[in-house]
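Accompanying notes for the structure given below.
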There are 2 protein chains.
Amino acid sequence: MATLSDVARRAGVSPATASRVINGSSKPVTDELRERVLAAVAELQYVPNAHAQLLARSHRSAVGVIVHDVSDPYFAEITRGLQRIATDQGRLLMICNSYRDPDRELEYVELLRGHQVAALILAGSGYHDEAFTRQLNEKLAAYGATGGRVAVIGRHEHSGDAVMPDNRAGGYLAGRELCGLGHRAIGVVAGPRILTTTTDRLAGLRQALGEQGRELPERRIRYAEFDRDGGAEATARLLDADPELTAIVALNDSMAIGALATLRARSLAVPQQISVVGFDDMPIARDVTPALTTVRLPLVEMGVRAMSLVLGAETPTPRVEVLPAELVRRDTAGPVPRAAAGSAPRARRGDPSS
Amino acid sequence: MATLSDVARRAGVSPATASRVINGSSKPVTDELRERVLAAVAELQYVPNAHAQLLARSHRSAVGVIVHDVSDPYFAEITRGLQRIATDQGRLLMICNSYRDPDRELEYVELLRGHQVAALILAGSGYHDEAFTRQLNEKLAAYGATGGRVAVIGRHEHSGDAVMPDNRAGGYLAGRELCGLGHRAIGVVAGPRILTTTTDRLAGLRQALGEQGRELPERRIRYAEFDRDGGAEATARLLDADPELTAIVALNDSMAIGALATLRARSLAVPQQISVVGFDDMPIARDVTPALTTVRLPLVEMGVRAMSLVLGAETPTPRVEVLPAELVRRDTAGPVPRAAAGSAPRARRGDPSS
DNA sequence: TACCGCAGAGAAAGCCCTTTCCCGCAGGGA
DNA sequence: TCCCTGCGGGAAAGGGCTTTCTCTGCGGTA
C-alpha cells in the first residue's frame, strides 16, 4: 500500500504539504505543488490509512450503535432514523448486532469504546437481570466519564439519555381495543419474559383488562422467541391449552405473523373466529392477509431522536423522551364471535366430543 | 481515556510488559507482574485504542462488505452467510449500504481500503454502465494489487472471484412454470433496467417463452424500483395497459408483495383470476396469503461461499461459483382461468363496454 | 572460576498520519 | 536601507500501540 510519504516523495514535496493538499487544509498551497500532489495520488492510487488518520486527529466522529439485529424490521426502522441524522452531520455509524446476547452487548460496548466512537446508542429491550444491568451501567458510566455520550432506546434501567416508546400504553391500547370488541378470552403470545419490553407491554395489557374487572392469568400467556417462529409455536401451545380463545395479542408483529400462520394451518378464520393484534407496525404488517391490526410505534422517529440527543448539547440531567404508541386498525381484529360471546366454547378441532 | 502507558505506570512496569500481558503474548511474564497489570487495567477501565493497535500491527483482519441495504431481506440473508464464516474465523465485518448508488459504491471501496480490510465483498446486482464498471474494476484491481482479496456476489462484470446465483435459470424456471399452467398473457414487474440482475432474469424468462414459440414484448414489462412500492406501482401500470393479463412475474419477492397488494386492491383473486410468481424466496414469502410461489436462491449459501472464497487460499485464476435457482411452488400460481384460456379477454374492471 | 545460555524485563524503533512550530523569502512601509 | 509582515513550505513532535532488540542477572556446564 502506498503511504503518504510515497506520495510526497513522488510529488517532490514534504509529507506535510501532501497532507494539506489531500485534506483540503486551510493552509494555502501553491497550485503547482497541489497539482503535483494530486497527480501522485492518482498515479499511486493512494488512499489514506484511516487508522493512522483517526490516531493522528484528535476529534472522534464515528457513532457506535448496538442493536439486536439490523435485519429485524424493528431495528431496521430505528436504524434508518439513526442514519438520517448521522449522515446529515457527516458521521459514520458502526452498527453491531448483539442478537440479544448480554455478553455480546458488553463486548460491543468495549469494542466501540476501543474504536473511539464519539457516542454510543443502545437500542432494544433491557433485561430483567440485575447483575448484567449493573455491569452494563458501569461500562457505560466509564465511557461517559471519558467524554463519551450515551443514549438508549427502549431500555429504562440506564441512567443517561433515553428514548422510550410507550410500550405500556401500547399494550393498554391493544387490550382496550379487544375488550371494546367484546373479547373476554384473550391469549398472549409474548416475547422472552426476561425482556423489559415484554413485561411492559404485558403490564399495559393487564391494565386494560383490569379496567374491565378482568385479569390476565399466566395460563393465557406463552413466552417464546420474539420472532415469527416463536409466535407460531406459542400460538399453537396457547390454542392447545385454551381452545376457546377468541383473541390473541402478539407482543410484536413478527410473532403476530407467526400466529397468523398457525391459525391458517388450523383453519381458524381471522377475524371471524379469532382476532389478532400485533405490536410495532412494521412495514410488512399491511401486506399480510388479512392486514394486521397492530400498535404502531414511531420507530424511525425514535432513531432520529436518539441520535439528536447524543449529538446535541449535553444537558446536566439526563433527558428521557417518551414517544407515544398508536393503534392501527386493520383487518385482523373483529368483534367477538356470537358463540363465544354467549360464552359457549367453540368446538375444538379434532375434539372427539364435538 | 486511559492509555497503555497509564496502565504501565500504575502497575510499575514498562508499556512493553503491559502490552504483552494484555494481548496474551507468547513472551512469558511473571505472575506477579501479570497480576499487577491486570489490576491496573481493571482499575482504569482500560480499553486499548483500536486504531493504534491496527496501526501498529501489520496483519489486517477485518473484511469489508458492500451491499445495497442490509435490512433488505435479500441482503440480510446473504449477510447472515457472510457473518457465519467470518465469525468462525474471528473476523470483524464492516458492512456498508450503498443503496444502489454507484458513486457511493465507489466511495465505500475507498473507505474500506482506507480501513485496511483484508478482503472486500460486493454483493448485489451489477450495472449496465460501462464507465462505472471500468472505474469500479480499476479500484478493485488497485486494491487487489496491494494484496487485498475481492469477491463479488451476483455481478459478473468483475474479473475476480465470484459467486453467481443463476438468475437466468431462475427466470427460465418461472417462465416454464407459468407456460406449463397454460398462461400466455404474462406480464413482468421488473426492477430497474440498468441492473444486470433484471436483465438476466428477464433473459431466462424470454428463453422459456421462446421455447413455446412466444415472445415477451416490451409492453408487457414495467420497470420500477426493486421494492414493494415499485412492485405495486408497476403492477398497476401493467394492469391498466393490459387488463387481459393472466399472470405476473415479479423479479423479486418484495415486488411480488407489492403486486399482491395491488391485485388485492383491485379485487383480483390470486391465483383464480391471475397468477403471481416471485423471485428470491425471502422468508416472508411463505407468510403472505396466498403463500408466494417463487424462485428460490440459496442466499445464505451464497454468503458462505463468497466469504470462504475470499478467506481461503488464493488461486491463480479467479473462481466463479454458480449456485442454482429452484422453483418453490406455493399458492399464487395456478392454471390459467378458463375464459382467458379460450382467449376471450377478461372483463375489464370499470370498463363501460363490459 | 570462567563462560554460556536463557528467562524476563525494558528501551526504542516503528506503523502512518496530522498539525504545530519554525524558517526563508519577498514585498511594503518607514 | 532596514525592518516588519505575511505567505508558502518543511521539520518534527506527537497519537497509542506492538515488537524487535538489548540488557541484566541467574543457573548450569566445562
Side-chain angles (χ1 to χ4, degrees), chain A residues 1-38 40-41 44-62 110-118 146-147, chain B residues 1-38 40-41 44-62 110-118 146-147:
Chain A
M1 282 283 285
T3 71
L4 184 67
S5 45
D6 293 336
V7 172
R9 200 172 319 120
R10 178 159 197 137
V13 300
S14 72
T17 301
S19 171
R20 290 199 264 261
V21 170
I22 292 167
N23 296 299
S25 149
S26 61
K27 189 124 186 182
V29 175
T30 47
D31 285 348
E32 199 217 323
L33 294 196
R34 156 166 288 111
E35 299 277 290
R36 295 221 305 263
V37 170
L38 260 18
V41 165
L44 297 175
Q45 297 255 35
Y46 171 73
V47 178
N49 182 321
H51 300 299
Q53 282 188 312
L54 264 328
L55 188 58
R57 283 203 250 267
S58 44
H59 72 270
R60 317 285 169 216
S61 125
E110 301 249 301
L111 181 90
L112 291 170
R113 202 147 90 84
H115 277 266
Q116 313 297 115
V117 293
T146 61
Chain B
M1 283 282 285
T3 72
L4 183 67
S5 43
D6 294 335
V7 172
R9 200 171 319 120
R10 179 160 196 135
V13 300
S14 71
T17 301
S19 169
R20 290 197 264 262
V21 170
I22 292 169
N23 297 299
S25 148
S26 60
K27 191 123 187 185
V29 175
T30 47
D31 285 347
E32 200 218 320
L33 294 196
R34 157 165 288 110
E35 298 278 288
R36 295 222 305 262
V37 170
L38 260 18
V41 166
L44 296 175
Q45 297 256 33
Y46 171 72
V47 178
N49 182 321
H51 300 300
Q53 282 188 313
L54 264 329
L55 187 57
R57 283 203 251 267
S58 44
H59 72 269
R60 318 284 169 215
S61 124
E110 302 249 298
L111 181 90
L112 290 169
R113 203 147 89 83
H115 277 266
Q116 314 298 114
V117 294
T146 59

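Note that the structure is a prediction, hence the values are computed from the model and not measured. The chains referred to below are lettered A, B, ... by the order of the sequence lines, with proteins before strands, and numbering in each begins at 1.
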Next item on the list: Report yes or no: does A/N23 contribute a side-chain atom to a donor-acceptor pair with the main-chain N or O of A/R20 at less than 3.5 Å?
Entry: no
Next item on the list: Please confirm whether the backbone N or O of B/H51 pairs with a side-chain atom of A/H115, one donor and one acceptor, at under 3.5 Å?
Entry: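 Such a contact is absent between A/H115 side chain and B/H51 backbone.
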Per [X] side chain, nearest of listed nucleotides [options]:
{"X": "B/T30", "options": "D/dG10, C/dG8, C/dA11", "value": "C/dG8"}
{"X": "A/Q53", "options": "C/dT18, C/dC15, C/dT19", "value": "C/dT18"}
{"X": "A/N49", "options": "D/dA11, C/dC16, C/dA11", "value": "C/dC16"}
{"X": "A/L33", "options": "D/dT18, D/dG10, D/dG9", "value": "D/dG9"}
{"X": "A/K27", "options": "D/dG8, D/dT18, C/dC17", "value": "D/dG8"}

Next item on the list: Please report the closest heavy-atom contact between A/L4 and A/Y46, naming both atoms and the distance.
Entry: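 In terms of heavy atoms, the two residues are closest at N-CE1, 3.5 Å.
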Item checked: A/R60 to A/V117 - nearest heavy-atom pair and separation ->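 Looking at all heavy atoms of both residues, the closest pair is CB-C, 4.4 Å.
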Check: Does B/R20 get its side chain close enough to the base of C/dG10, under 3.5 Å, for a donor-acceptor pair?
Finding: yes
Atom [atom1] of [X] and atom [atom2] of [N]: how far apart are they, to the nearest Å?
{"X": "A/Q116", "N": "C/dT18", "atom1": "CD", "atom2": "C1'", "answer": "16 Å"}
{"X": "A/R36", "N": "D/dG10", "atom1": "CZ", "atom2": "C1'", "answer": "14 Å"}
{"X": "B/N23", "N": "D/dT19", "atom1": "CG", "atom2": "P", "answer": "7 Å"}
{"X": "A/L55", "N": "C/dT19", "atom1": "CG", "atom2": "P", "answer": "12 Å"}
{"X": "A/L54", "N": "D/dG15", "atom1": "CG", "atom2": "P", "answer": "16 Å"}

Check: If only side-chain N and O atoms of B/T17 are considered, is one of them under 4.0 Å from the OP1 or OP2 phosphate oxygen of C/dA9?
Finding: no
Check: Hey, does the side chain of B/Y46 come within less than 4.0 Å of D/dC17's phosphate (OP1/OP2), counting only N and O?
Finding: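 Checking B/Y46 against D/dC17: at least one side-chain N or O falls below 4.0 Å of OP1 or OP2.
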Next item on the list: Using a heavy-atom cut-off of under 4.0 Å over every strand shown, decide if B/S19 touches base, sugar-phosphate, or nothing.
Entry: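 Touches a base.
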